[in-house]
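These notes are about the structure you will find just below.
The analysis underlying the following values was restricted to heavy atoms, covering all of them including side chains, and did not include hydrogens, waters or symmetry mates.
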Amino acid sequence: MAAVLAGAGFAGAGSWREKEVEGHPLRGVRAGEWVSAVVVVRDDPKAVRGRGFGGKKVIVRGELVEFRDGSEVVRGGGAVVLMAPEAGWRGVLPGERVEARGRVDRAWRADLTVAVLRVNGAPTVVGEAGWWQRVAGKVRGSFAGAAGRALPEDAAGLLPGLVIGDTSRLPEQVREDFREVDLAHLTAVSGANITILLGAVLLSMRALTVDPRVGAVVAGVVLVMFVVVARPSPSVLRAAVMGAVALLALCAGRRKQALPALCTAIIGLIAWSPELAVDLGFALSVLATAGLIVLAPGWSDRLRAHGWWRAPADAAAVSAAAFVVTTPVVIAMTGHLSLMAILVNILVEPVVAPITVLGAVGAVLSPVWSPPAELVLYCTTPLLWWLLNVASHSAALGASVTLPSGVRSGLVAAVLCGVLIAALAPQTAREAAGPPGVGG
């Protein structure tokens, strides 16, 4: 009954928000008509793949403040997407208020975006970003610069993506290799980043014999700082919540505590940002976290019962659980299935945590003292070499399958994955119970 009531409430709220978007004044402007708009930037500009007419383009997401259609000025909020030239827009910071002129286009996705504005020129900054956003921009720039001086080109472009999700300097070939073998999740801020970072902080506090409550406070401060540097976009906030839930599962060792936390996080996030309900990244993050909590522990125990060591058993179980639960969504949305995804993720998993920790230390040092920051980042060279070579050699094998995308394919994949999970669950339960006649 609680689930039905919650679902009905969210459905009603979502319908109301959708109605507001449909009735937005900017939706009444004809497609192709020119307007001048004032927008508060909400995320860093993201490069558009390929080169279209007019040079490289970027996508900028923002919140509409007002727009001018002819001589009429219309005020009103709403999410907008700006398709703009890279020149002049690359350095725009989240939080800045900019004015630009562009042609109105219809929204591409049903995610409460009011409209798309196709901009041809550079923006005019009419309001500065907050001081924390300027500090974050300085840290990101210093980090990228230190990585460029300490590492080879491919590694220097990859490291900021692994640590803070900054893929602005990621070479296109590396991007394609990671997408081919299902490693693209490593270059986006995910719950794994948060889990690794907070885990390192808590272990450091424990090694220093600091009171656990003080350690929890320090971890909370580090989490806030990371969110600011990585940009507090919905995707980053989602990752912060999911990472905290995953860390709770790992620390507590009991999924009964983690599952209610995960469900609460999902409800809270959708209430705060309803558009996450149709966001692919949100669905994958939720499923991967659920797989980590529900499936991975039992699968790891089963592998250890068959003679595996704990570390490889945990790595294999986590990779397999995340792959199985996310595959139906990936197939439905992209039609892409990598046959080497589990193996590749197992091979690179040992280097992800040290890269993240060393990169975070280098990011903190880079704006205040560059030489030691570069030394720390240089230590990631062999780890990044391994990651890049595993990705490139695996992608060269071409071991991926292209399937029809869409709901039907996703449902078929979901049924097959469900059968696989159900087939493994009884065996895991019997093994955990022990041989007949033992005990009681």
- Task: List in chain and number order the residues that pass side-chain hydrogen bond (donor to acceptor under 3.5 Å, both in side chains) with Asp105, two or more places apart in sequence or in another chain; answer none if no residue qualifies.
- Result: Arg118

- Message: If the condition is side-chain hydrogen bond (donor to acceptor under 3.5 Å, both in side chains), which residues does Arg61 pass it with, not counting sequence neighbours?
- Response: none

- Message: Go through it in stages, so that I can follow the logic: the residues are Val40 and Val65, the test is side-chain contact (heavy atoms from CB on, under 4.5 Å), and I'd like the CA-CA distance, side-chain angles, deciding distance and then a yes or no.
- Response: CA-CA 7 Å; Val40 177; Val65 177; 3.6 Å; yes

- Here the pair of heavy atoms bringing Pro45 nearest to Arg90 is O-NH1, 3.6 Å

- For the residue pair Asp166 and Ser168, establish whether any side-chain heavy-atom pair is separated by less than 4.5 Å. yes

- Message: Let me confirm one number: the OG-CG distance from Ser300 to Leu295, rounded to the nearest 0.5 Å.
- Response: 12.5 Å

- Item | Over all atoms of both residues, closest heavy-atom pair of Gly157 and Pro171 | CA-CD, 4.3 Å

- Query: Under the 3.5 angstrom rule, does the side chain of Thr113 hit a backbone N or O of Ala115 as a donor-acceptor pair?
  - Reply: no

- Closest heavy-atom contact between Phe143 and Gly362? CD1-C, 4.4 Å

- Query: Distance only, no hydrogens: is a donor on one side chain within 3.5 Å (strictly under) of an acceptor on the other, for Gln173 and Asp177?
  - Reply: yes

- Hey, could you give me the OG/NE2 distance between Ser338 and His336, rounded to the nearest 0.5 Å? 5.5 Å

- Message: Listing request: all salt bridge (charged side-chain N to carboxylate O under 4.0 Å, His left out) pairs with a residue in residues 304-332, at least two apart in sequence or in separate chains.
- Response: Asp301-Arg304, Arg310-Asp314

- Task: Specify the closest pair of heavy atoms between Pro382 and Cys379, including all atoms of both residues, with the distance to one decimal.
- Result: CD-O, 3.6 Å

- Within-4.5 Å side-chain heavy-atom neighbours: Val48 and Lys56: no

- Task: Indicate yes or no for a side-chain donor-acceptor contact from Thr264 to the backbone of Pro260 under 3.5 Å, with no hydrogens or angles considered.
- Result: yes

- So, do Leu117 and Arg103 sit near enough that their side-chain heavy atoms are less than 4.5 Å apart? no

Less than 3.5 Å apart, which donor and acceptor atoms pair up between the side chains of residues 276-286 and the rest of the protein, not counting sequence neighbours?
{"from": "Asp279", "atom 1": "OD2", "to": "Arg238", "atom 2": "NH1", "distance (Å)": "3.4"}
{"from": "Asp279", "atom 1": "OD2", "to": "Gly281", "atom 2": "N", "distance (Å)": "3.0"}
{"from": "Asp279", "atom 1": "OD2", "to": "Phe282", "atom 2": "N", "distance (Å)": "2.8"}

- Taken to the nearest 0.5 Å, the spacing of Leu186 CG from Glu349 CD works out to 9.5 Å

- Any side-chain donor near an acceptor of the partner, Ser400 and Glu180, under 3.5 Å: yes

- Would you give the length of the straight line joining atom CD1 of Ile164 to atom OG1 of Thr356, rounded to the nearest 0.5 angstrom? 11.5 Å

- Just do the side-chain contact (heavy atoms from CB on, under 4.5 Å) check on Leu112 and Glu18 with the steps written out, would you? CA-CA 6 Å; Leu112 301 184; Glu18 182 67 23; 3.5 Å; yes

- Message: So does Gly78 get a backbone contact from the side chain of Glu63, meaning a donor-acceptor N/O pair under 3.5 Å?
- Response: yes

- Item | For Pro354 against Leu383, the heavy-atom pair lying closest together | CB-CD1, 3.8 Å

- Residue pairs involving residues 358-387 (criterion side-chain hydrogen bond (donor to acceptor under 3.5 Å, both in side chains); sequence neighbours excluded): Arg149-Ser370, Arg149-Glu374, Ser370-Glu374

- Message: Determine whether Val401 and Leu339 satisfy the following criterion, side-chain contact (heavy atoms from CB on, under 4.5 Å), listing intermediate values before the conclusion.
- Response: CA-CA 7 Å; Val401 179; Leu339 302 180; 3.9 Å; yes

- So, do Arg97 and Val39 sit near enough that their side-chain heavy atoms are less than 4.5 Å apart? no

- Item | The single option from Ile346, Leu292, Asn345 passing side chain to side chain contact (heavy atoms under 4.5 Å, CB included) against Val318 | Leu292

- Item | Validation row: Arg169, Thr167 side chains within 4.5 angstrom (heavy atoms) | no

- Side-chain heavy-atom pair Val98, Val60 within 4.5 angstrom cut-off: no

- Can you check whether Val116's main-chain N or O pairs, donor with acceptor, with Trp108's side chain at less than 3.5 Å? no

Kindly list each side-chain donor-acceptor pair under 3.5 angstrom involving residues 404-412, sequence neighbours excluded, with atom names and distances?
{"from": "Ser409", "atom 1": "OG", "to": "Pro404", "atom 2": "O", "distance (Å)": "2.5"}

- Is the number of heavy atoms from other residues, nucleotides or ligands within 6.0 Å of CD (Glu153) greater than 12? no

- Message: Test: salt bridge (charged side-chain N to carboxylate O under 4.0 Å, His left out). Region: residues 375-402. Which pairs qualify, not counting sequence neighbours?
- Response: none

- Item | Glu66: side-chain hydrogen bond (donor to acceptor under 3.5 Å, both in side chains) partners, not counting sequence neighbours | Arg75

- Item | Contact summary for Val163 and Gly359, nearest pair of heavy atoms | CG2-CA, 3.8 Å

- Message: Could you check whether any side-chain heavy atom of Phe67 comes within less than 4.5 Å of a side-chain heavy atom of Val38, counting everything from C-beta outward?
- Response: no

- Set of side-chain hydrogen bond (donor to acceptor under 3.5 Å, both in side chains) partners for Lys138, sequence neighbours left out: none

- When rounded to the nearest 0.5 angstrom, what is the spacing between CG in Leu343 and CZ in Phe323? 11.5 Å

- Item | Gap between atom CG of Leu170 and atom CG of Asp154 - 0.5 Å precision | 8.5 Å

Please output the side-chain donor-acceptor pairs of residues 221-230 that fall under 3.5 Å, not counting sequence neighbours, one pair per line with the distance.
none

- Message: For Trp34 and Val104: C-alpha separation, side-chain torsions, deciding distance, then whether side-chain contact (heavy atoms from CB on, under 4.5 Å) applies.
- Response: CA-CA 6 Å; Trp34 289 85; Val104 176; over 6 Å; no

- Message: Under 4.0 Å between a side-chain nitrogen and a carboxylate oxygen: does that hold for Asp182 and Arg179?
- Response: no

- Item | Side-chain (Ser392) to main-chain (Asn389) donor-acceptor, under 3.5 angstrom | yes

Taking only distance into account, with no hydrogens and no angle test, what donor-acceptor pairs under 3.5 Å do side-chain atoms of residues 124-137 form with protein atoms, sequence neighbours excluded?
{"from": "Gln133", "atom 1": "OE1", "to": "Arg231", "atom 2": "NH1", "distance (Å)": "3.2"}
{"from": "Arg134", "atom 1": "NH1", "to": "Ala129", "atom 2": "O", "distance (Å)": "2.5"}

Please tabulate, for the side chains in residues 197-209, all donor-acceptor contacts under 3.5 angstrom to protein atoms that are two or more places apart in sequence or on a different chain.
{"from": "Ser204", "atom 1": "OG", "to": "Ala200", "atom 2": "O", "distance (Å)": "2.8"}

- Query: Can you check whether Ala391's main-chain N or O pairs, donor with acceptor, with Ser394's side chain at less than 3.5 Å?
  - Reply: no

- Going by heavy atoms in the side chains, are Leu64 and Leu26 under 4.5 Å from each other? yes

